[in-house]
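From a predicted model like this one, the values you see are computed outputs, not experimental measurements. This chain uses plain numbering: 1 for the first residue, then up along the sequence.
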Amino acid sequence: MNSKLHRILSAALAGGLLAGLSLTAMADSNIDLVQALVAKGVLTEEEGALLMKGRDNEVEVQKKKEKKNWTSHVNIRGYVQNRVTKMIGDDGDNPRNPVDLWSDRSVGTDSSINPDKNFLIRRARIIVFGDYGDHLSYYIQPDFASSASGTNNIAQLRDAYGDINIDKAKVHRVRVGQSKVPYGFENLQSSSNRLAMDRVDALNSAVRDERDTGVFYYYTPENIQALFKEINDKGLKHSGNYGMFGGGFYNGQGANRSDVNDNYHVVARATYPWKTESGQIYEAGIQGYHGQYAVTTGRYNFTGGAVASSATNISSNGGVSSGTAIPFIDGGVNGANRNGFKDERVGVSFIMYPQPFGLQAEWNWGTTPGLDIAQNRIEEKHLQGGYVQAMYKIDNFQFLETNGTLIPFIKWQYFDGYNKAETNAPQNHVNDWELGLEWQLAPEVEIMAEYHRMKRNNLVTGNRANTLDYQSFTADALRVQVQYNF
């Protein structure tokens, strides 16, 4: 076979392959094939160029089509947290002073108001996320372990938002929907990633469920994005990428709740991570917000008398007349504060990531609506509080056929303030200690146990005869959690 005929047959074969295969991966292979034939001298450069005419453009068009196919960019992950609590000693056995932890229904005794004891599914989350093109990232997260009206394990939306990426590097993003409000480090930290069982009251009371519906702008330079990724990849308990700077507007009443006063909350946060020559990573931040908050009010027992059958005697100035055992208080709907009360805070954060020793601390101050029991009124009150946590990360801990990570920690939290999102915005004094250990057997399984010394107010109302609401209690508990990630 002469060389001319050989080239004709080779060209025909290559052309047939290119004409018959249209998928991107095969098109890329065919381009490589033609280039190889040219390199070996089977085809001339002119013949190769003729065969490839228009093919480069077709490949790019096909790639763009596949990129726009959202089903090829859907990711699913999730986690489930199972808890059990054992009260230690005789704390909480007095029915006149019950023990309830508002953030965890598994904590308490037979005399507690909360009905859920022993085993509890605290969270069951499935997260759907991904990118659609270069300028949109989406994130949807329901929780299947919420409770409402005494029914447990019902589905409730946690997150549903889209990030509009102004540039392909995602330096500038605008987030629209229901998402976490950028206030505080621990508030932004995922519950699947946090060491202690619960977030501290001092900062978590700022935003109910840490989330609200609004619009937020995030600015994250590429070098900061890279450092955030390094922190996360090393398993150093990061909060996620909420920008080096973030700010925006949100309704202000909390997740899955409508705005009631036609008044936006405004928030801003700045944080800066840095890495020293030794490799140690630090982060420091400051944040603040301002708005008007409308309190939900209801009956509560402040006399210890019999349970009232109905709410009565609401006065126009937000008070009640005397002689009612369990009154309805006016949170401003009929009074001078019908649009809510001043709700503003400023906080600071500092993190020394565990390499292996770590520190984490936050503190905030502000003004919030709060219940004045003596006057039976909601008023603007001052608050302050925070926490300090020390931890130590031990990698390559081997047990049987596991090779995991141990992180012992100790945490102290203090709060002198009010929980605006609870009914009647009751006063809450907290002075708690936690001593715990997290064991990551594998990426998919974590076991956490802690001793929790509680000294705080009971924010769960029961309207029970001979029992005062919002009393202070002291209790000791051993709390265990098993979490699996998928």
Taking only Lys NZ, Arg NE, NH1 and NH2, and the carboxylate oxygens of Asp or Glu, determine whether [X] and [Y] approach each other closer than 4.0 Å.
| X | Y | answer |
| --- | --- | --- |
| Lys237 | Glu438 | yes |
| Asp131 | Lys170 | yes |
| Asp198 | Arg479 | yes |
| Glu450 | Lys411 | no |
| Lys180 | Asp212 | no |
| Asp432 | Arg453 | no |

Centroid-centroid distance, [X] to [Y], less than 6.0 Å:
| X | Y | answer |
| --- | --- | --- |
| Phe399 | Trp439 | yes |
| Phe228 | His238 | yes |
| Tyr138 | Phe129 | no |

Any donor-acceptor pair under 3.5 Å linking the side-chain atoms of [Y] with those of [X]?
| X | Y | answer |
| --- | --- | --- |
| Thr405 | Asp395 | yes |
| Trp412 | Asn431 | yes |
| His290 | Asp343 | no |
| Asp416 | His429 | yes |
| Glu362 | Gln360 | no |
| Asn428 | Trp102 | no |
| Ser205 | Arg345 | yes |
| Asn424 | Tyr418 | no |
| Ser349 | Glu283 | no |

Would you indicate whether Tyr272, at its atom OH, is surrounded by more than 12 heavy atoms from other residues, nucleotides or ligands within a distance under 6.0 Å?
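No, because the 6.0 Å sphere around OH of Tyr272 holds 12 heavy atoms or fewer from other groups.
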Apply side-chain contact (heavy atoms from CB on, under 4.5 Å) to residues Arg173 and Asn241 and explain how you reach the verdict.
CA-CA 11 Å; Arg173 294 174 291 146; Asn241 183 356; 3.3 Å; yes
What are the two closest non-hydrogen atoms of [X] and [Y], and how far apart are they?
| X | Y | answer |
| --- | --- | --- |
| Pro354 | Lys393 | O-CD, 3.7 Å |
| Pro369 | Phe341 | CB-CB, 3.7 Å |
| Asp209 | Ala255 | CB-CB, 4.0 Å |
| Thr151 | Ile154 | CG2-CG2, 3.7 Å |
| Met197 | Glu434 | N-OE1, 4.1 Å |
| Pro426 | Thr423 | CD-O, 3.4 Å |

Give, for atom [atom1] of [X] and atom [atom2] of [Y], the distance between the pair rounded to the nearest 0.5 Å.
| X | Y | atom1 | atom2 | answer |
| --- | --- | --- | --- | --- |
| Leu400 | Asn403 | CG | CG | 12.0 Å |
| Asn232 | Asn193 | CG | CG | 7.0 Å |
| Met352 | Leu236 | CE | CG | 11.5 Å |
| Leu441 | Glu446 | CG | CD | 9.0 Å |

So, applying salt bridge (charged side-chain N to carboxylate O under 4.0 Å, His left out) with Asp104, which one of Arg123, Arg122, Arg83 is it?
Arg83
Just to verify, which of Gln483, Glu210, Gln81, Arg199 counts as forming a side chain to side chain donor-acceptor pair (under 3.5 Å) with Ser191?
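Testing each of Gln483, Glu210, Gln81, Arg199 against Ser191, the sole residue satisfying side chain to side chain donor-acceptor pair (under 3.5 Å) is Arg199.
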Gln178 and side chain to side chain donor-acceptor pair (under 3.5 Å): which partner among Asp159, Asn256, Asn251?
Asn256
Is any side-chain heavy atom of Phe144 less than 4.5 Å from a side-chain heavy atom of Asn153?
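No - every pair of side-chain heavy atoms lies 4.5 Å or more apart.
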Any side-chain heavy-atom pair of Val174 and Val215 under 4.5 Å
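SC-SC contact between Val174 and Val215 confirmed.
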Any idea how Tyr139 and Tyr161 line up, ring-wise: parallel (<30°), tilted (30 to 60°), or perpendicular (>60°)?
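Correct class here is parallel.
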Check for me whether Arg175 meets the cation-pi criterion with Phe216, that is, NZ or CZ under 6.0 Å from the six-membered ring centre and within 45 degrees of the ring axis.
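That pair does not qualify as a cation-pi contact.
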Pi-cation contact, Tyr183 with Arg269 (under 6.0 Å, within 45°):
no
For Tyr414 and Tyr387, what are the C-alpha separation, side-chain angles and deciding distance, and is it a ring-ring contact (aromatic ring centres under 6.0 Å, His included)?
CA-CA 6 Å; Tyr414 175 84; Tyr387 70 95; over 10 Å; no
